[in-house]
Amino acid sequence: MSDFDDAIGDMTSDLLTEAGTSCVYFRGTTSTTLTMRKSSGQPYPVDAGNGLIVEVRPVDFICLTSALPYAQPLQGDRIVCGGVKFEVHPPTGDKVFRQISSQMTRIHTKQVK
């Protein structure tokens with residue numbers, strides 16, 4: 001592992017220790033509890049498919065890659081954090097996650113009811 005990956009891993013661990021929250025990651029009926037850092041982005045408009053434009057509020061979660069219960073997050077997986085539900089969902093034309101380094105992953109979601 002490179003010095004850069006080690007530094008990113010250390011930074012992510014420090015971030016999660018200081019500002020992380022216990023969240024539950026769901027795929028179907030299987031769940032895993034892990035520490036994640038939540039950050040909200042700017043809302044963007046999306047066509048709901050019937051000509052109605054709805055506002056989507058993106059929320060990203062940062063976590064240690066090694067803490068994820070699966071090799072890759074999939075669209076439709078859910079995260080519950082602080083009693084609020086989020087669905088793994090890509091921003092327009094993007095992937096559902098970014099592996100920042102071998103030790104840090106950013107998961108893109110949207111808040112759902």
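Heavy atoms of other residues, nucleotides or ligands lying less than 6.0 angstrom from CD of E55 number more than 12.
A cation-pi arrangement is present between R27 and Y70, with the terminal nitrogen or guanidinium carbon under 6.0 Å from the aromatic centre and inside a 45° cone about the axis.
Follow the hydrophobic side-chain contacts under 4.5 Å out from I100 and you never reach F97; the two are in separate clusters. Note: the hydrophobic cluster containing I62 does not contain L68 (ILVMFWY, side chain heavy atoms under 4.5 Å, direct or indirect links). Cluster annotation: V80 is not connected to V84 through the hydrophobic network of ILVMFWY side chains, with a link wherever side-chain heavy atoms come within less than 4.5 Å.
Screening T109, I79, I107 against P73 for a side chain to side chain contact (heavy atoms under 4.5 Å, CB included) leaves a single residue, I107. Each of T21, L34, L64 was checked for a side chain to side chain contact (heavy atoms under 4.5 Å, CB included) with L16, and the lone residue meeting it is L64.
Contact record, S101 with T65: O-OG1, 3.9 Å, taken as the closest heavy-atom pair. Of all heavy-atom pairs spanning P43 and P58, the tightest one is CA-CD, 3.9 Å.
Ring centroids of F86 and F61 are separated by less than 6.0 Å, placing the two rings close together.
In this structure, the side chain of D14 does not engage the main chain of M11 through any donor-acceptor pair within 3.5 Å.
Put simply, the side chain of C63 does not reach to within 4.5 Å of the side chain of R37, judged on heavy atoms. Using a 4.5 Å heavy-atom threshold, the side chains of Q75 and H89 count as touching. Side chains of V59 and K38 form a contact here, defined as non-hydrogen atoms less than 4.5 Å apart. Counting heavy atoms from C-beta on, the side chains of C23 and M36 come closer than 4.5 Å.
Atom CD in E18 sits 11.5 Å away from atom OG in S13 (nearest 0.5 Å). Here K110 contributes atom NZ and E87 contributes atom CD; the two are 5.0 Å apart, rounded to the nearest 0.5 Å. A distance of 7.0 Å separates NZ of K85 from CZ of R78, quoted to the nearest 0.5 Å.
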CA sep, side-chain torsions, deciding dist, call: Y25, D77, side chain to side chain contact (heavy atoms under 4.5 Å, CB included):
CA-CA 7 Å; Y25 190 100; D77 288 353; 2.5 Å; yes
